[in-house]
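This report refers to the structure that appears directly beneath it.
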Amino acid sequence: MPEGHTVHRLARALTDLFAGQRLTVTSPQGRFAGGAALLDGRVLAGASAWGKQLFVDFVPADGGTRAPDDVRVLRVHLGLYGAWTFAGDGSAVVVQAIGAPRRRIGETETLPPVAGALDEPVPLPRGDESPASASGPEGDVALEVVADAPVPDWQPPAPRGAVRVRLRGVHAVADLTAPTTCEVLTPSEARAVVERLGPDPIRWGDAARAGTEPDPHDDPQRFVDAVRRSRTPVGARLMDQSVVAGVGNIYRAEVLYRARLDPFRPGSSVPVEDLRAVWDDLVELMLDGVRTGAIVTTLPEDRVPGGTTGRHRVRQNSDAVPGAVPSDASFYVYHREGLPCRVCGNPVLVREVAGRNLYSCATCQR
DNA sequence: AGTACATGTTCAT
DNA sequence: TGAACCTGTACTT
């Protein structure tokens, strides 16, 4: 799945593309017909991410009060396979797709940075081209509306596959497929979901970067305390969204490696300073993930030129942009079972922890 | 064509 | 601990 950085990118994409617009909301697949009817014709007020949870606020179009009673919140969790794909009228610059790593619906590490740092705007595919030619620059491109007037006569492409929700705005459509959760909540119900989550390194980092007051919800001390409260292995604690929100299987393995921490160390035995360092590293890595759309954890000196040999999975859509870190050089341990550790040369191990494959180096991580 | 796989979570046992 | 769930892609026959 998309880890937290992906969901934060999505929140920005949806806000940048649709905020303030009255949307047509449908469920081409039909499984969300009831929910779509609750949102159809409303104005998208904004979208936000907490860990891997995406919330999209809708308010009445007729100048409702925006009182909590008037707000309906679309809550989406992408699960393992969920993704959004976008298509537009050519007047907007927008992400193509964000979600599970696939060819068509793939997030890649070869992308321009997100809005605000984009050098060359890339127009959306108009949706009237063949899939191959419509793919354009691969992957996940920042978005920014560059023209106010919608292109006349533009018709969005027919939904491809099982589209649970389609949001249609002035310039573009966003299609959601395969979410594990897609529901309409009241604001207080949405708040209850957030309150079950641990602190989110991306939200904390965003506040720090903006120089604004961070939400106490995202205070790293909550993370440190939660890990140390339990004898459960630290490698399992990091996957618990009530301990830290937004970390997934890649960030878990990689951040433990970078800290040289043995994933099987009981949480209660990990020094506070080490957990502080893990948090700081998560903030840095995940903010970078939001900026670039890719997870890259290797230091330049640890990347083997030309990549590694051996049969391990590499991501789709990779290596297309000059200067991008190749997908097979991005990680220290993730998906590198049996390959030599980039630092000590001993084979990378896999073991199942918290129901997922956890990769590590027994020599480097103690 | 069938099958394995995927950056996830929840519920049952 | 295991199964179920959401779907598309890439690989194998």
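The structure displayed is predicted, hence computed values, not measured ones. So that the names make sense, note that chain A is the first sequence line, chain B the second, and so on, each numbered from 1.
Using a cutoff of 4.0 Å between basic side-chain nitrogens and carboxylate oxygens, A:R12 and A:D206 are scored as salt-bridged.
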Close N/O contacts between protein and nucleotides 3-6 of chain C (under 3.5 Å):
unit_1, atom_1, unit_2, atom_2, d
C:dC6, OP1, A:R31, NH2, 3.1
C:dC6, O5', A:R31, NH1, 3.4
C:dC6, O3', A:R164, NH2, 3.0
C:dC6, N3, A:Y81, OH, 3.4
C:dC6, N4, A:Y81, OH, 2.0

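Atom name C1', nucleotides B:dT9 and C:dT9: the rounded distance is 22 Å, in whole Å. Taking the P atom of each, C:dC6 and B:dA1 are spaced 24 Å apart, rounded to whole Å. Of the C1' atoms belonging to B:dT10 and C:dG8, the separation is 22 Å, rounded to the nearest Å.
Put simply, CD on A:E337 is 11 Å from P on B:dA6, counting in whole angstrom units. Here the C1' atom of nucleotide B:dT9 and the CD atom of A:Q53 are 10 Å apart, to the nearest Å. One atom, CG of A:L358, and another, P of B:dG8, lie 12 Å apart when rounded to the nearest Å. The distance from atom CZ of A:F331 to atom P of B:dA6 is 13 Å, rounded to the nearest whole Å.
Between A:H77 and B:dG8 there is no side-chain polar atom (N or O) within less than 4.0 angstrom of OP1 or OP2.
Between A:L256 and A:Y251, every side-chain heavy-atom pair lies at or beyond the 4.5 Å cut-off. Side-chain contact check for A:D218 versus A:W50: some heavy-atom pair is nearer than 4.5 Å.
Checking A:Y332, A:Y334, A:F331, A:Y257 one by one against A:Y359, the ring pair (Phe, Tyr, Trp, His ring centres under 6.0 Å) holds for a single residue, A:Y334.
The distance between the ring centers of A:W154 and A:H171 does not fall below 6.0 angstrom.
Out of B:dA6, C:dG8, B:dG8, the shortest distance to the side chain of A:A162 is found at C:dG8.
Inspection of the A:Q221 and A:R276 side chains reveals an N or O donor paired with an N or O acceptor under 3.5 Å.
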